[in-house]
There are 2 protein chains.
Amino acid sequence: MSWSKDGRGGPRGYHHGNLKEALVRAAVELIAQKGPAGFTFADAARWAGVSAAAPYRHFRDRDELIADVALRGFVMFEAALAKAWDEGRPDPGVAFERLGRAYLDFARTEGPYYSAMFEAAIPLDANPGLREAGDRAFGVLRGAAERLVSLMPTGQRPPAMMVALHIWSMAHGVASLFGRSDGGRRALPMPAEDLLEAGVLVYLQGLGLVRPHKAKDEPPPGPWSPGGAKPPGSVPPAGSRRTS
Amino acid sequence: MSWSKDGRGGPRGYHHGNLKEALVRAAVELIAQKGPAGFTFADAARWAGVSAAAPYRHFRDRDELIADVALRGFVMFEAALAKAWDEGRPDPGVAFERLGRAYLDFARTEGPYYSAMFEAAIPLDANPGLREAGDRAFGVLRGAAERLVSLMPTGQRPPAMMVALHIWSMAHGVASLFGRSDGGRRALPMPAEDLLEAGVLVYLQGLGLVRPHKAKDEPPPGPWSPGGAKPPGSVPPAGSRRTS
DNA sequence: AGCTCATGTAAGGAGCGTTAACATGGCACG
DNA sequence: CGTGCCATGTTAACGCTCCTTACATGAGCT
């Protein structure tokens, strides 16, 4: 009975049993192979092992299929970010680092979803549900920024929204320039995750949220330094994250 | 007279006279309208007012046309960045700010080129010239970062390459998330330019390169603070591309 | 005048989107 | 337990656009 849930493979009867799911998976697979603009409705049908007319029972057109992928992506994204943030435990600094890594991790491991979400040029105006899902995902980032900012003395707090937008921008920039390892991208002298982590750390130092650790406890000069953030621990450089 | 150089309009004889240029402009126009994946070779021919077979005399296929647009874009981009940087005059901090603004300005005013350069998924491996042009443009950014970094005491210098990549990432992130005001994007509480400027400033502060708001605003708080740089007419919709 | 490039015209083939008409079989309901 | 409905898929067909090539023709240059 499990074959009825498989998108491909096993024999199936006249009815597919789970075509909608299969089409979504087909879209994900095809986006992974050829980019969000590189596949067609007919392709998805073929990939799902079904005739070209079948998808019309489930999606009005190709855009609706992609929008569905993007929607699922945002839901997964929100969950991944929320899990990484974990309400700021054990402390906001550490949790924020995790958040940044989770962002990139999602972009990398769920590349096709990420593409559908941010590169497919879906008209948000026509998909209010999609916009809401995106806003919810961004809300996690924003909530984290608010928490972080609240650690600062009242007079020096930057707008949390701005901080969230900066982090989002840098994460998205890193992800889209270097995140996916498809052939055409540029080579990096370091893993994208570390690049982002270092960037976020420098940024947070700029806000005064993290000590510049100028006390130089050790040789490691800064958030950069190749071995800086490798140990499986969390975020060694930059000293204590407490910033009480 | 001039009609032989026009892409459209005026009467022309059997020979177009400048079809290659006209095709490039057509591509730019079509990318502006429908995105880098949203136009076809035949479209470009139609737009230029020639038959569908004519473009083959000038470009092997659609990809070569887009690559040409991207190549020109990189050249323009490099020039714009170099001009903004102006070899670090009057001082590297100020010049770096200009550089960031020039980046966003390019992304906004030359949106189609920017799309061709960064969102068209052109295989760089097959276009060495394109890669070189891109590297040259990035070289401006990197050179500026090197200059900036050289202001720091020797022991604390972060790798210039990393700094350049961070700035690039943030600029690209801002540009691609909020830069173009096409219908589907998200609204921002501030102009994208200011968002980027503030982000870069915070980042540079994090490096210790800029003292909290040295020559920026008068009010004390920081790079944010809504009075920063907002002449009222700074963000026109920019819907129609000039290019004609 | 003649050469050569640039462009037009024509035509074939392929793929896609879309719709209409027909087939199948799971399931609700008697 | 039988039966009929209807959601789901299939087949077939139309129209459109695109890509590509082969051949014809206009226009400038020497």
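Bear in mind the structure is a predicted one, so any value in this text is a computation, not a measurement. Below, all heavy atoms of this structure are taken into account, side chains as well, without hydrogens, waters or symmetry copies. Order of the sequence lines fixes the chain letters, A, B, ..., with proteins taken first and strands second; residue numbering starts at 1 for each chain.
With C:dG17, D:dT21, D:dC18 as the choices, the nucleotide that has an atom nearest any side-chain atom of A:Thr40 turns out to be C:dG17. Candidate nucleotides C:dC16, C:dG8, D:dC19 were compared by shortest atom distance to the side chain of A:Ala42, and C:dC16 ranks first. For A:Ala54, the listed nucleotide lying nearest its side chain is D:dG9; candidates were C:dT9, D:dG9, C:dT7. Nearest nucleotide to the side chain of A:Ser51, out of C:dT7, C:dG17, D:dT11: D:dT11.
In this entry the distance linking CG of B:Leu65 with P of D:dC19 reads 11 Å, nearest Å. Following rounding to the nearest Å, B:Arg62 (CZ) and D:dT20 (P) show an atom-to-atom distance of 11 Å. Atom C1' of nucleotide D:dG9 and atom CG of A:Leu23 are separated by 12 Å, given to the nearest angstrom. Residue A:Phe59 contributes atom CZ, which lies 16 Å from atom C1' of D:dA7 at whole-angstrom precision. For the pair B:His58 NE2 and C:dA6 P, the computed distance is 6 Å after rounding to whole Å. If you measure from atom CZ of A:Phe41 to atom P of C:dT19, you get 11 Å, rounded to the nearest angstrom. We find that OH of B:Tyr56 is positioned 18 Å from P of D:dC23, with the value rounded to whole Å. A straight line from NZ of A:Lys34 to C1' of C:dC16 spans 12 Å, rounded to a whole angstrom.
Taking the six-membered ring where the residue is Trp, the centroids of B:Tyr56 and B:Phe41 are separated by under 6.0 Å. Taking the six-membered ring where the residue is Trp, the centroids of B:Phe77 and B:Tyr103 are separated by under 6.0 Å.
Ranked by how close their nearest DNA chain D nucleotide is to the 5' end, B:Arg57 and B:Arg60 are led by B:Arg60.
Between B:Arg72 and B:Glu110, none of the side-chain N atoms (NZ, or NE/NH1/NH2) sits under 4.0 Å from a carboxylate O, so this pair counts as no salt bridge.
Formation of a donor-acceptor pair under 3.5 Å by the A:Arg98 side chain with backbone atoms of A:Ala84 is found in this model.
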